[in-house]
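Let me begin by presenting the structure, written as structure tokens, before commenting on it.
In what follows, chains carry the letters A, B, and so on, assigned in the order in which the sequence lines appear, proteins first and then strands, with residues in each chain numbered from 1.
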Protein chains: 2
Amino acid sequence: MTDTQDKTNDMPGHLARRFQQIAVAVFLAEVEQAGFDLTPVQYAALAAIHANPGIDQITLAGLIAYDRTTITGVIDRLVQKGLVLRQASSRDRRARELQITEAGQQTFRAITPAVEAAQQIMLRGLTETEARELVRLLQKAIAAGNELSRAPLRDGTGEPG
Amino acid sequence: MTDTQDKTNDMPGHLARRFQQIAVAVFLAEVEQAGFDLTPVQYAALAAIHANPGIDQITLAGLIAYDRTTITGVIDRLVQKGLVLRQASSRDRRARELQITEAGQQTFRAITPAVEAAQQIMLRGLTETEARELVRLLQKAIAAGNELSRAPLRDGTGEPG
DNA sequence: TGATATTGATCAGTATACTGATCATCAGTA
DNA sequence: TACTGATGATCAGTATACTGATCAATATCA
């Protein structure tokens, strides 16, 4: 039954999917154990809003490489949880300014140790050196492929981040 | 506007998501350019059925590390495209046996060059040595984290693959 | 100024992934 | 054989990601 000819498990694309799958599972498990209910995507958005108060949704999407149609739902859920405030911008009435709430700040601070623990756990099979090398290689591959997805990383100026 | 304090883009979990995002985009672009309409997930399932005719859905899910509730929809779409046949097993009336059709075989053969090209493109920022090292590190990390997701890899015997 | 193009945000629809439940069937045992 | 537990498959519901369309508001330029 074992398929020795199948090359799926050697393909970078398949490995990418599998590693992400494990990363999400580890993240959710650690965060739940710490008593919180937040997805990896929601955490990254919360962190970016924390670091950039008043940011609009498109700029936020660029900072964390989310699709513009995905970010709407993510912010919806953060607002519903009371962690983020969304209000119309006075400078540009098309845009929504995002602020982190007091509860959002508390959650962000309290949850961060669990998030960092998750990063260790998802690399537990690697030595320290290997873990650093994996991060370096992923960053290099991602930088070269940045423009290939619909949701590339952008800094605040429209240039690649 | 650039947030120098934000560590999101150094986190393995975030890099995992981003790399997978690029991998899927590259795969879909190459496959579409070759004149086909198949997702990475559908391709992996098709390849596994090709290599293991008559396999049931649970075993298939284990071979490519898919969730059992996800595989139902994936097979639905492959059947609808006429690439796969799903029929009740005579040995176990709970199970569905999967077969690749003639059209499925043709598609699988014709699409494989595009799939392999996609693997090169998603690693275009890396040297050959770096690409091999990335694959090795991903495999090692995934092997160590295999049991941490709901959809671990399994060979045909229930042992980790 | 007025027409055009662009931009921020959202929506409808599709495809993974997951949680947890249900149903039919099968296997093992008292 | 009847009971119990395990297993294959599916379903309802939620959360990313994406394609492509739409709408309001802004920017640009003839």
Side-chain angles (χ1 to χ4, degrees), chain A residues 13-14 16-18 20-29 32 37-45 55-62 64-78 80-81 86-98 148-152 154 158, chain B residues 13-14 16-18 20-29 32 37-45 55-62 64-78 80-81 86-98 148-152 154 158:
Chain A
H14 191 78
R17 174 191 151 279
R18 185 78 188 101
Q20 211 255 335
Q21 197 175 33
I22 291 169
V24 171
V26 168
F27 183 102
L28 292 176
E32 186 192 3
D37 172 31
L38 213 64
T39 68
V41 165
Q42 288 165 19
Y43 174 80
I55 195 173
D56 67 288
Q57 293 185 188
I58 291 282
T59 310
L60 169 63
I64 50 185
Y66 287 11
D67 189 89
R68 69 183 191 282
T69 62
T70 299
I71 202 93
T72 299
V74 175
I75 301 300
D76 279 351
R77 290 179 277 278
L78 287 174
Q80 214 213 325
K81 289 176 180 175
R86 171 165 46 187
Q87 51 199 139
S89 165
S90 51
R91 286 173 287 112
D92 185 340
R93 274 183 297 169
R94 291 170 303 184
R96 311 303 180 88
E97 281 179 1
L98 304 174
L148 300 179
S149 82
R150 175 163 136 161
R154 303 267 182 232
Chain B
H14 191 78
R17 175 191 150 279
R18 184 78 187 101
Q20 210 255 335
Q21 195 174 34
I22 291 169
V24 171
V26 168
F27 183 103
L28 292 176
E32 186 192 3
D37 172 31
L38 212 63
T39 67
V41 164
Q42 288 164 19
Y43 174 80
I55 194 173
D56 68 288
Q57 294 186 187
I58 291 282
T59 309
L60 170 62
I64 49 184
Y66 288 9
D67 190 89
R68 69 184 190 281
T69 61
T70 299
I71 203 94
T72 299
V74 174
I75 302 299
D76 279 350
R77 289 179 277 278
L78 287 175
Q80 213 213 327
K81 289 174 180 176
R86 171 165 48 187
Q87 49 199 141
S89 164
S90 51
R91 286 173 287 111
D92 184 341
R93 273 184 299 166
R94 291 169 304 184
R96 312 302 181 89
E97 281 180 1
L98 304 174
L148 300 178
S149 82
R150 174 163 137 163
R154 303 268 181 230

Quick one: [X] [atom1] to [N] [atom2], roughly how many Å, whole number?
| X | N | atom1 | atom2 | result |
| --- | --- | --- | --- | --- |
| A:R93 | D:dC23 | CZ | P | 19 Å |
| A:R91 | D:dT26 | CZ | P | 12 Å |
| A:D76 | C:dG8 | CG | P | 19 Å |
| B:L60 | D:dT10 | CG | P | 12 Å |
| B:Q87 | D:dG8 | CD | P | 18 Å |
| B:R94 | C:dA27 | CZ | C1' | 8 Å |
| A:I75 | C:dT10 | CD1 | C1' | 14 Å |
| B:E97 | D:dA9 | CD | P | 10 Å |

Is the closest side-chain donor-acceptor distance between [X] and [Y] under 3.5 Å?
| X | Y | result |
| --- | --- | --- |
| A:T59 | A:D56 | yes |
| B:Q20 | B:R17 | no |
| A:Q21 | A:R18 | yes |

What string of B, S and - do you get for nucleotides 13-21 of chain D 5' to 3' if you count protein non-hydrogen atoms under 4.0 Å?
--SSBBBBB

Counting neighbours of CD on A:Q87 that are heavy atoms of other residues, nucleotides or ligands and sit closer than 6.0 Å, is the number greater than 12?
yes

Let's test this: given Watson-Crick or G-U wobble pairing with both distances under 3.5 Å, identify the partner of C:dT14.
D:dA17

The residue, A:D92 or B:I71, whose nearest nucleotide of DNA chain D is more 5′ is B:I71

Which nucleotide wins on minimum distance to the side chain of A:Q57, given the candidates C:dC26, C:dT10, C:dG8?
C:dT10

Identify, with sequence neighbours excluded, every residue that meets side-chain hydrogen bond (donor to acceptor under 3.5 Å, both in side chains) alongside A:R68.
none

For B:T72, what residues pass the side-chain hydrogen bond (donor to acceptor under 3.5 Å, both in side chains) criterion, not counting sequence neighbours?
none

Can you tell if the side chain of B:L28 reaches within under 4.5 Å of the side chain of B:P40, non-hydrogen atoms only?
yes

State whether A:T72 places a side-chain N or O below 4.0 Å from either non-bridging phosphate oxygen (OP1 or OP2) of C:dA9.
no

